[in-house]
Amino acid sequence: MAAFSFLPTLSSLPWLRWPAMILLALAVVALAAWGALALWFQLPAPVWMRGVVIAAWSLLALAALGTMLKLPATGAVSWSPPAFALCVITLLAWWSAVLPSHQRVWADDVQRMLESKVQGNQVTLNNVRNFSWRSESDYDVRWETRQYDLDHLVSADLLLSYWMGPAIAHTLVSFGFDDGRRLVFSLEIRKEKGERFSALGGFFRQFEQVIVAADESDIIRTRTNARGEDVYLYRLQLKPDQLRKVFLGYLGKAAQLHAEPSFYNTLTSNCTTIVFELARLLSPALPTDYRLLLSGYFADYAYDHGGLTPGYSFAALKTAGHITARARAAGPDDDYAKAIRKGVPGMTPGETD
């Protein structure tokens, strides 16, 4: 096919032949790897059938590569490059038809989507999650309708929950009101029943995304207690108008996802990128940084750009903000929000006493 027809002409330019061949070979390898993973995560077929299709795809890619590089030992034949190119086109057409949906059998904790109504300063939220978790599989289901007055919004805290080493964490933001109530927003994968998170699958349209609004004793406790994750809490330095803008930003994102489903992406659309997007509404000049990809270091990024409590080193904030032990020790009759904030810099006396 045309994609490979230029190769013979390179004989007149020998110094270009091998660089061009190497680039083309790398492209074939990359397409073969991407296609195999796309088929694995999205082909609607039993595991054994997906394995057969991926094996056939990989053999065709290998034959095409052998032909282009003139490696007789591969058993390649002249028709393999055009056949592989045709399969690539077919695969891309199929991939474009893989669309997000709200119509699936969802896991209990993401079954409902947040709905909001804003009238001036008054906010009504439907489907606020307030589960009681005893383990990941043992819990009481409870969805609530809540009202908030944005004039009484006084604080926001950044939480990082570590579940896969120091570089990867789940990012949440908890908003505080002057009557002591808290509401946490979290962008999460919308799992189907029986489905588990896969960082690799997140690159291949395996999950839709959803904004969850939940009580702290639900969404934080399930991470520290039921899942055994390690959680850190930091007070964010936001003015009242900034608090309101970020809070409404989460509601706007939730409404957008409610109106039009969207895929989660491990790299470009996840729990950390939404916090960065909302932060850029407040400070458009915020730079991109590797710590936006390695979410476990996002608190360092926030500290470097003046987003955390001043007057402390980051190491001191991190040590004081390590809430895991306090969260696990908090009993059902304790004030959970106060218990986890004891000793965290930036808190007012009423938030910890």
Side-chain angles (χ1 to χ4, degrees), residues 114 116 118 121 123 125 128-129 146-161 169-188 211-221 223 231-254 270-284 286 291-292 295 298-312 314 317-318 320-323 327 335-352:
L114 177 66
S116 63
V118 181
N121 296 321
V123 177
L125 301 181
V128 175
R129 202 180 77 195
R146 295 185 178 185
Q147 287 81 35
Y148 296 94
D149 186 334
L150 295 181
D151 280 343
H152 295 271
L153 178 61
V154 294
S155 68
D157 297 320
L158 174 69
L159 293 114
L160 296 183
S161 185
H170 185 76
T171 308
L172 312 93
V173 176
S174 178
F175 291 90
F177 292 81
D178 59 12
D179 60 0
R181 292 190 299 165
R182 309 275 174 177
L183 184 71
V184 184
F185 287 110
S186 172
L187 186 146
E188 304 195 356
I211 295 289
V212 173
D215 196 272
E216 283 192 341
S217 62
D218 168 338
I219 203 166
I220 300 175
R221 195 193 297 269
R223 285 173 164 77
V231 180
Y232 292 78
L233 184 148
Y234 308 88
R235 173 55 47 92
L236 290 168
Q237 297 302 294
L238 297 176
K239 299 175 182 177
D241 63 316
Q242 294 175 322
L243 288 169
R244 179 186 297 247
K245 186 174 289 188
V246 176
F247 189 97
L248 293 175
Y250 270 109
L251 298 187
K253 181 65 173 180
N270 57 52
C271 60
T272 303
T273 58
I274 186 175
V275 177
F276 177 66
E277 289 168 9
L278 295 175
R280 269 200 162 172
L281 294 177
L282 310 179
S283 181
L286 277 176
R291 290 170 291 187
L292 302 175
S295 53
F298 183 68
D300 307 60
Y301 175 87
Y303 177 83
D304 286 348
H305 294 281
L308 304 185
T309 303
Y312 297 83
F314 177 72
L317 291 177
K318 186 173 183 179
H322 189 200
I323 68 169
D335 187 317
Y336 185 79
K338 289 183 177 181
I340 64 175
R341 285 175 170 79
K342 288 187 181 297
V344 176
M347 304 297 149
T348 62
E351 292 181 283
T352 56

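Every heavy atom of this structure was used, including side-chain atoms; hydrogens, water molecules and symmetry mates were not.
Between Arg223 and Leu172, some side-chain heavy-atom pair lies under the 4.5 Å cut-off. At least one side-chain heavy atom of Leu248 sits under 4.5 Å from a side-chain heavy atom of Leu150. Between Phe185 and Leu251, some side-chain heavy-atom pair lies under the 4.5 Å cut-off. Within the 4.5 Å cutoff, the side chain of Ser155 has heavy atoms near those of the Arg182 side chain. Side-chain contact between Gln237 and Thr309 is present, with at least one heavy-atom pair separated by less than 4.5 Å. Side-chain contact between Arg129 and Ser186 is absent, with no heavy-atom pair separated by less than 4.5 Å. Using a 4.5 Å cut-off on side-chain heavy atoms (C-beta onward), Arg235 and Asp157 make contact. With contacts defined as side-chain heavy-atom distances shorter than 4.5 Å, the pair Leu125/Leu114 qualifies.
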Next item on the list: May I have the step-by-step check of side chain to side chain contact (heavy atoms under 4.5 Å, CB included) for Ser295 and Asn270, ending in yes or no?
Entry: CA-CA 10 Å; Ser295 53; Asn270 57 52; 6.0 Å; no
Next item on the list: Check the pair Val344 / Glu351 against side chain to side chain contact (heavy atoms under 4.5 Å, CB included), numbers first and verdict last.
Entry: CA-CA 10 Å; Val344 176; Glu351 292 181 283; over 6 Å; no
Next item on the list: Could you check His152 against Tyr148 for ring pair (Phe, Tyr, Trp, His ring centres under 6.0 Å), going step by step and ending with a plain yes or no?
Entry: CA-CA 8 Å; His152 295 271; Tyr148 296 94; over 10 Å; no
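Distance check: Arg146 CZ to Ser116 OG gives 15.0 Å after rounding to the nearest 0.5 Å. Rounded to the nearest 0.5 angstrom, Leu159 CG and Tyr232 OH are separated by 12.5 Å. The line from CZ of Phe177 to CZ of Phe247 is 4.5 Å long, rounded to the nearest 0.5 Å. To the nearest 0.5 angstrom, Thr352 atom OG1 is 10.0 Å from Arg341 atom CZ. Taking OH of Tyr303 as the start and CZ of Phe314 as the end, the distance is 9.0 Å to the nearest 0.5 Å. Distance CD1/Ile211 to OH/Tyr250: 6.5 Å, rounded to 0.5 Å.
The closest side-chain donor-acceptor pair between Thr272 and Thr171 falls under 3.5 angstrom.
Counting all heavy atoms, side chain and backbone alike, Gly249 lies closest to Leu278 at CA-CD2, 3.7 Å.
A salt bridge is defined here as a Lys NZ or Arg NE, NH1 or NH2 lying under 4.0 Å from an Asp or Glu carboxylate O, and Asp215 with Arg181 fails to meet this definition. A salt bridge does not link Arg291 to Asp300: none of the charged nitrogens lies less than 4.0 Å from a carboxylate oxygen.
Relative ring orientation between Tyr301 and Phe298 is described as parallel, the plane-to-plane angle staying below 30° on a 0-90° scale split at 30° and 60°.
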